[in-house]
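Here the structure is laid out as structure tokens; the discussion comes afterwards.
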Amino acid sequence: MSTISDHSVELPGTTAGELSVSFATLLADWALRLGDATALTCIDYRGSAEGRAVNLGWRELDDRVSAVAHHLGAVAEPGERAAVLASQSAGYVVAFLGAIRAGLVAVPLFTPGLPGHAGRLATTLVDCSPAVVLTTAADEDEVTAFLAGQPLDPTPVVAVDRVGPAPAGPHEWHRPHPDELAYLQYTSGSTRRPAGVMLTHRNVVNNARQACTAYGAESVTTSAISWLPLYHDMGLILGIGSPVTGGLASVIMDPIAFLEKPVRWLKALSGSPGAITAGPNFAYAYAASRVTEDEKAFLDLSRVISLINGSEPVLPSTISTFQEAFAECGLPDAAQRASYGLAEATVLVSVTDAGTPSRQVTFDRDRLAAGVAVAGAPCAASTTLVSCGRAAEQEIRIVDPATGAELPEGHVGEIRVSGPNVGLGYWNRPEESARTFGLGGSWLATGDLGVVVDGEMFMTGRIKDLVIVDGRNHYPQDVEQTVEAHPSVRPHSAAVFSTQHEGGERAVVVMELAKRSDVEPTVATGEVRATVAAEHGLRLHDVVFVAPGTVPRTSSGKISRALAAKFYLGGRFDEGRIA
């Protein structure tokens, strides 16, 4: 059987029996215990190259959250939605936690100015019908103007940093039932309207505890460092959920600050003893390529506990490149840890064991594509996968996606998940919820393909992304790695997908031209075709070079193959096509 599971570990200050808790009640508990100790640090690089740090102690953060909650009590009723449209800031954290303390269902979103996502924001607001929109004074005008152009009922906008303090004295805040909704986590919505995963207080508190335990976090002595968007599932649990659950100091910065200078992320890790962090694979590769030797001289990464790599396939080359780049800064060999998760399970599902380097196994590529994981022969085409580890206090099962029958270890199938962190379903989508949640009693159908080998889970791809040409399965990420090895292709920009024709499926690759390329695009196109044919036995129907920034991404920055296919079929790439 290919089911893997782990056992629950309780955190200091909490017990497994405490069910009537929320992120807000846990915040109040830590405020009583830790007082003026720093709870949240927001590093703002907008006006200073060195960054300006804004610090909030546990008591001050709790007071600000109470002020917002008190104000919301006169604006909305418990159970109504409160959308958070704010920049990455202390105000965002206060707004999110204030909504939960007031008994509202928080909807973590983003400002209208996020490039390319105004349409998604508008669709999401219509879907969740918020009773109130929370923002900050800095974003208020932009948010108000955006809402005025939307087909929504008049919705009050509250700038949380303009709200006065709550009245003195004790307050009887809403004590939620564990199965009440805490927030809606909207997925990317690349080929459909965004779907809001309904997450209860039981779901999110359990997953935050699971994350703290799995990552090796300890109350008071551990800091969570994040540049990930707070509206993204991983960013929210890392930046808010785990800190208020486990009593960790949280250090956040804007994603743009990381993209401008990735050393800022490493500096925050260096300055925070006992640090944990997380990011997608591209972030580690990007940091390794952009941090200079002079910048490394000021970094001390010897006290980093866990660098969680998830959200997209983890590449062996990225692990080695990052380790080589920062070994001189004292980075422990075992700090890099691969993980697997998804919004429907709050976020974290599995992670590699602490204290040991992530396991890497080389499989026969053709046999893996055919559904069986066997070691690759020396001269055969092979694929090296990084283990996603073991289940974090939940269960993983590998099944035949067509029948739901559990598959034996070593066979590729759909990953299904069961645990207290799995959400209730999608907001206002009963049919889609029935197809995805609660299958076989209580199993979440992830839509991802994986295999269990020696008790560890390896993700192999997504069911909907499989490229099937001439009866052979091809994992698109394998082909994309081959394509991106060409010097004319911009790193992390290729999207491989298939299109349907009368004679069957045909493979297409769309990729961005590197900013500095010495090869003519037409020549590079031929070389990419030849390499893919030789290494994968796959004939590419079309090879499309476009300008940097053209291949579509999700709101969390990942390449969207599904949206790239939609753009391709709709002719969106024709005008800007370089070759």
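Along the sequence shown, the residues carry numbers beginning at 1.
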side-chain hydrogen bond (donor to acceptor under 3.5 Å, both in side chains) against Thr550, all qualifying residues, sequence neighbours excluded: none

Partner residues of Thr318 under the side-chain hydrogen bond (donor to acceptor under 3.5 Å, both in side chains) criterion, sequence neighbours left out: Asn281

Test salt bridge (Lys or Arg N to Asp or Glu O under 4.0 Å) applied to Asp153 - qualifying residues, sequence neighbours left out: none

Arg390 and Ser350: CA distance, side-chain angles, deciding distance, side-chain hydrogen bond (donor to acceptor under 3.5 Å, both in side chains) verdict: CA-CA 5 Å; Arg390 307 176 194 277; Ser350 71; over 6 Å; no

Minimal non-hydrogen separation, Leu538 against Val532, with atom names: O-CG1, 3.6 Å

From CG (Asn473) to CZ (Arg365), nearest 0.5 Å: 13.5 Å

Exercise: do Tyr475 and Asp465 side chains pair donor with acceptor under 3.5 Å: no

Salt-bridge present (Glu480, Arg561; N to O < 4.0 Å): yes

Asn421 backbone acceptor or donor facing Asn206 side chain under 3.5 Å: no

Within the 6.0 Å centroid threshold, strictly below: Phe110 and Tyr231: yes

Set of residues satisfying salt bridge (Lys or Arg N to Asp or Glu O under 4.0 Å) with respect to Asp254, sequence neighbours excluded: none

Pairs flagged by salt bridge (charged side-chain N to carboxylate O under 4.0 Å, His left out) wherever residues 176-187 is involved - sequence neighbours left out: Asp179-Arg202

Note: Glu505-Arg539 ion pair, threshold 4.0 Å (strictly below): no

Tyr426 and Glu344: side chain donor to acceptor below 3.5 Å: yes

Distance-only side-chain donor-acceptor flag, His541 / Thr499, under 3.5 Å: no

Exam field: side chain Asp400 to backbone Gly413, donor-acceptor pair closer than 3.5 Å: no

Distance-minimising heavy-atom pair for Thr245 and Ala208: OG1-CB, 3.4 Å

For Arg359, all residues meeting salt bridge (Lys or Arg N to Asp or Glu O under 4.0 Å), sequence neighbours excluded: Asp454, Glu456

Sidechain-backbone polar pair: Gln185 side chain, Met198 backbone, donor-acceptor under 3.5 Å: no

Donor-acceptor pair between Thr111 and Asp139 side chains, under 3.5 angstrom: no

Taking every non-hydrogen atom, the tightest pair across Ser250 and Ile252: OG-CG2, 3.7 Å

Within 6.0 Å of CD in Gln150, more than 12 heavy atoms from elsewhere: yes

Under-4.0 Å salt bridge between Asp448 and Arg416: no

pair Tyr568-Val544: side-chain heavy atoms closer than 4.5 Å: yes

CZ (Arg462) with more than 12 external heavy atoms under 6.0 Å: yes

salt_bridge(Arg472, Asp366) N-O dist < 4.0 Å: yes

